[in-house]
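Everything on this sheet refers to the single structure shown next.
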Amino acid sequence: MASERECFELSGPLHLTCIDWENTNHQRSVAASLVQGVYIVERDRQEKREGSEALAPPWWEFFHFKLLRKLVDDVCLSIFGAIYEFKPPLSLRHHSLEGGPCYVIAFRGTLTKSDSVSRDLELDVEVIRNGLHRTSRFEIAIQAVRNMVAAVGDSNVWLAGHSLGSSMAMLAGKTMARNGAKLKSFLFNPPFVSAPIERIQNKNVKHGIRFAGSVITAGLSFAMKAKQQQHQGNRSVEDPFMTLSSWFPSLFVNPADDICSEYIGYFEHRKRMEQIGAGAIERLATQNSLGGLLMHAVGKASDSEPALHLIPSANLTVNLTPARDLKEAHGIHQWWADSMHLRSEVHRYK
């Protein structure tokens with residue numbers, strides 16, 4: 001039996017009867033709904049709901065999108081992503097569509113159902129291990145993104161994802177940005193692989209822990225870079241963080257969600273380090289995870305792929321509306337709610 005949260009008519013953003021594509025709240029709500037569409041199209045597959053019984057189509061058709069292609073995992077055959085095409089009716093063509101997408105590539109997160117849970121959890125572990133780039137699911141995803149960008153141009157494509165799906169979208173966005181294609185990206189509850197320092201209530205203790213971590217991380221980073229330059233002679237070493245600094249993905253996090261809440265402290269700490277004159281230390285530390293550096297130091301890291309969750313610049317939106325529990329704080333449904341207490345800030349790496 002379908003849950004109420006799967007039905008667009010019962011839990012979708014029915015208040016969005018006319019989309020203003022230059023309104024960031026509307027953009028966020030539509031992107032989140034399209035991600036939900038991926039969740040429900042996979043649930044339809046699992047429950048064998050077809051035709052008029054399928055619950056997924058309203059999640060995109062309400063906003064005049066067409067499901068162009070399903071992205072299917074080659075291991076478990078679950079649907080993990082979708083490519084949508086915006087097809088407004090003639091009656092809307094006289095309205096301004098400026099700011100809207102032509103295509104949206106969306107990725108779902110983990111589904112705790114028997115058909116897909118083992119594969120999804122396997123990929124969750126790869127996110128923690130910083131190995132998502134080596135998985136076949138990501139290969140399918142990035143190939144779809146590359147093909148779409150090659151066909152229609154980067155300005156016509158949006159990326160969107162939730163939880164595990166936001167890691168997929170972030171990695172795809174990073175990969176494309178390194179090659180000059182800065183895709184507009186909506187990353188809902190993106191995992192930040194770290195101890196939940198943001199949960200500490202005492203601000204001085206929290207800052208002290210972050211400061212100590214930055215000093216250690218910066219020191220290890222400096223030593224590693226010096227070693228790399230020694231091996232490479234006088235050749236300049238590319239700064240991958242600076243290469244990505246002009247890409248501004250939109251991150252949507254909830255402080256009650258330990259999976260993503262560290263992004264709040266990550267960016268706030270960078271700002272505070274600048275204020276106390278320690279910006280140079282933080283600019284080096286923010287590019288690396290302490291765990292990743294230690295793995296390199298003991299020779300356990302398999303490659304030099306930067307930590308997935310670390311990004312130089314972002315539009316960070318925090319949902320300050322109280323959540324009843326972790327499930328609600330991590331859920332996709334919060335991001336199209338009609339009334340929320342949001343705080344948004346642009347963070348630019350320089």
**Report entry** Contacts of type ring pair (Phe, Tyr, Trp, His ring centres under 6.0 Å), residue Phe107, not counting sequence neighbours
**Finding:**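 In terms of ring pair (Phe, Tyr, Trp, His ring centres under 6.0 Å), with neighbours along the sequence ignored, Phe107 is linked to no residue.
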
Query - Residue list, ring pair (Phe, Tyr, Trp, His ring centres under 6.0 Å) with Phe252, at least two apart or on another chain - result: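 So Phe252 forms a ring pair (Phe, Tyr, Trp, His ring centres under 6.0 Å) with Phe188, Trp335.
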
If Ile, Leu, Val, Met, Phe, Trp and Tyr residues are connected whenever their side-chain heavy atoms lie under 4.5 Å apart, and connections chain through other members, are [X] and [Y] in the same group?
X      : Y      : result
Leu171 : Val157 : yes
Val149 : Leu159 : yes
Met176 : Leu308 : yes

Query - Pairing of Arg43 and Asp115 as salt bridge, 4.0 angstrom limit - result: no

Share the residues that join [X] in a hydrophobic cluster, the rule being Ile, Leu, Val, Met, Phe, Trp or Tyr side chains under 4.5 Å apart at the heavy-atom level.
X      : value
Phe248 : Val346
Val75  : none
Leu121 : Val117

Query - Flag side-chain contact, heavy atom, 4.5 Å: Ile259 against Asn189 - result: no

Requested in this report: With sequence neighbours excluded, tell me which residues meet side-chain hydrogen bond (donor to acceptor under 3.5 Å, both in side chains) with Lys271.
Outcome: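 Checked Lys271 against side-chain hydrogen bond (donor to acceptor under 3.5 Å, both in side chains); matches are Glu345.
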
Query raised in the report: Excluding sequence neighbours, so at least two apart, what forms side-chain hydrogen bond (donor to acceptor under 3.5 Å, both in side chains) with Tyr39?
Result: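 Tyr39 satisfies side-chain hydrogen bond (donor to acceptor under 3.5 Å, both in side chains) with His162 once adjacent residues are dropped.
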
Listed pairs under 3.5 Å, donor-acceptor, residues 50-67 side chains, sequence neighbours left out:
{"from": "Trp59", "atom 1": "NE1", "to": "Glu6", "atom 2": "O", "distance (Å)": "3.0"}

Requested in this report: With sequence neighbours left out, write down each residue that passes side-chain contact (heavy atoms from CB on, under 4.5 Å) with Met340, or none if nothing qualifies.
Outcome: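 For Met340 the side-chain contact (heavy atoms from CB on, under 4.5 Å) partners, ignoring immediate neighbours, are Arg28, Asn319, Thr321, Ala337, Leu342.
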
Query raised in the report: With Leu10, which residues qualify under side-chain contact (heavy atoms from CB on, under 4.5 Å), at least two apart?
Result: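 So Leu10 forms a side-chain contact (heavy atoms from CB on, under 4.5 Å) with Glu4, Cys7.
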
Checking side-chain polar atoms at under 3.5 Å, does [X] have a donor or acceptor matched by the opposite partner on [Y]?
X      : Y      : value
Arg5   : His333 : yes
Gln275 : Arg272 : no
Glu42  : Gln46  : yes

Query raised in the report: Which heavy-atom pair separates Pro190 from Tyr263 by the least distance, and what is that distance?
Result: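 Taking Pro190 first and Tyr263 second, the nearest heavy atoms are O-CE1, 3.4 Å.
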
Which pairs would a plain distance check flag for residues 323-332, meaning a side-chain donor or acceptor within less than 3.5 Å of a matching protein atom at least two apart in sequence or in another chain?
{"from": "Arg324", "atom 1": "NE", "to": "Glu328", "atom 2": "OE1", "distance (Å)": "2.7"}
{"from": "Arg324", "atom 1": "NH2", "to": "Glu328", "atom 2": "OE1", "distance (Å)": "2.6"}
{"from": "Asp325", "atom 1": "OD1", "to": "Lys327", "atom 2": "N", "distance (Å)": "3.3"}
{"from": "Asp325", "atom 1": "OD1", "to": "Glu328", "atom 2": "N", "distance (Å)": "2.8"}
{"from": "Glu328", "atom 1": "OE2", "to": "Arg324", "atom 2": "N", "distance (Å)": "2.9"}
{"from": "His330", "atom 1": "ND1", "to": "Asp257", "atom 2": "OD1", "distance (Å)": "3.4"}
{"from": "His330", "atom 1": "ND1", "to": "Asp257", "atom 2": "OD2", "distance (Å)": "2.6"}
{"from": "His330", "atom 1": "NE2", "to": "Ser163", "atom 2": "OG", "distance (Å)": "2.8"}

Requested in this report: May I have all residue pairs that pass salt bridge (Lys or Arg N to Asp or Glu O under 4.0 Å) and include part of residues 330-343, sequence neighbours excluded?
Outcome: Glu268-Arg343

Query raised in the report: Would Ser116 and Arg45 count as a side-chain hydrogen bond (donor to acceptor under 3.5 Å, both in side chains) if you check the C-alpha gap in whole Å, the side-chain angles of each, and the deciding distance to 0.1 Å?
Result: CA-CA 11 Å; Ser116 55; Arg45 183 193 73 85; over 6 Å; no

Query raised in the report: Do His133 and Phe138 have their ring centres less than 6.0 Å from each other?
Result: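 They do not qualify: ring centres at least 6.0 Å apart.
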
Query raised in the report: Does the separation of the ring centres of Phe86 and Trp21 fall below 6.0 angstrom?
Result: yes

Requested in this report: Hey, can you tell me if Phe241 and Tyr349 have their rings parallel, tilted or perpendicular (30° and 60° cut-offs)?
Outcome: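 Perpendicular, since the angle between the ring planes exceeds 60°.
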
Query - Polar side-chain atom of Arg270 near backbone of Pro312 as donor-acceptor pair, under 3.5 Å - result: yes

